[in-house]
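FYI, side chains are in, hydrogens and waters are out, and symmetry mates aren't considered; it's all heavy atoms of this structure.
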Amino acid sequence: MIDEITKASDKIAYIPPLFSAEEGLIGKTMIDLSIKNGVSQFIFISVTHPILTTLLQHVEKRDTEEHLIYAGMATQLPYTILQPMHYMHNFDPKRVHDTGKYENFYASDGKLCYVDPLDVGEVAAKVAKDPDTYNKATFELVGTKKTYTPQDLVDTYNKLTGEHAVATHIDLEKFLDENNFTDLYMRQAFKHLSDTYSKWGLDGNPFVLKTLLGREPTTFEEYLKREIK
């Protein structure tokens with residue numbers, strides 16, 4: 001399948017599978033076959049801070065980034081690495097409206113920065129249109145300078161909607177069971193995620209994204225206004 005995809009593609013923007021034990025192998029195979037089949041540009045959608053070893057999915061992306069950099073030096077494959085922050089779409093206003101609550105599986109005081117996926121898409125499109133300018137560059141894509149706890153997210157939602165949704169903590173094992181996440185690697189990856197967000201949170205700086213967009217990144221409030229129907 002990967003061989004067929006790369007043979008049929010001129011440019012590839014690669015988004016890894018979610019919490020797969022084979023993520024690193026898939027990424028390296030995608031890169032190698034892109035080179036073999038003459039792909040003209042490879043854009044890797046990685047993650048902010050892939051050096052964080054407490055997050056399994058970050059480690060997999062770090063290894064894929066390393067492989068891509070070595071491959072780029074060896075073969076001159078034009079590539080760009082984009083490192084998005086935690087996506088805003090993880091807060092689904094429709095679900096919050098329907099249920100009256102925002103459930104989360106990490107500590108209630110865990111603070112995260114966010115990025116609008118449409119901002120990431122805008123940057124990816126810009127990179128794809130001008131591979132020479134962005135060749136061999138790595139960009140952190142952080143949307144918000146402010147960090148948000150789950151309660152902060154709900155407070156912002158309530159302020160905009162006049163609703164009275166609540167932020168609630170759900171036991172991690174219960175969350176995994178309710179979503180039918182039976183894969184052992186996926187369950188362990190979610191545990192690492194919960195532990196890391198609870199202990200340290202996840203943050204960064206929006207300057208790079210602002211520069212690439214040529215404007216201020218989308219705020220969480222603007223994201224909500226767009227998504228609330």
Item to check | Full working for side chain to side chain contact (heavy atoms under 4.5 Å, CB included) between F91 and V154 | outcome: CA-CA 9 Å; F91 184 95; V154 172; 4.2 Å; yes

Checklist entry - Yes or no on side-chain hydrogen bond (donor to acceptor under 3.5 Å, both in side chains) for D32 and T29, after CA distance, side-chain angles and deciding distance? => result CA-CA 5 Å; D32 291 344; T29 302; 5.9 Å; no

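Ion pair R187/D177 flagged as a salt bridge, since at least one NZ, NE, NH1 or NH2 atom sits closer than 4.0 Å to an Asp/Glu carboxylate oxygen. Salt bridge D155/K159: absent, no basic N to carboxylate O contact under 4.0 Å. Ion pair E122/R215 flagged as a salt bridge, since at least one NZ, NE, NH1 or NH2 atom sits closer than 4.0 Å to an Asp/Glu carboxylate oxygen. Salt-bridge check for K61 with E65: failed, with every basic side-chain N at 4.0 Å or more from each acidic carboxylate O. D116 has a carboxylate O that lies under 4.0 Å from a charged side-chain N of R226, or vice versa, which qualifies the two as a salt bridge.
For H49 (side chain) and D203 (main-chain N/O), a donor-acceptor pair under 3.5 Å exists by modelled atom type.
Using a 4.5 Å heavy-atom threshold, the side chains of Q41 and V127 count as touching. Put simply, the side chain of H97 reaches to within 4.5 Å of the side chain of Y157, judged on heavy atoms.
Residues F175 and F190 bring their aromatic ring centres within 6.0 Å.
Screening V123, T138, V47, I15 against L82 for a side-chain contact (heavy atoms from CB on, under 4.5 Å) leaves a single residue, V123.
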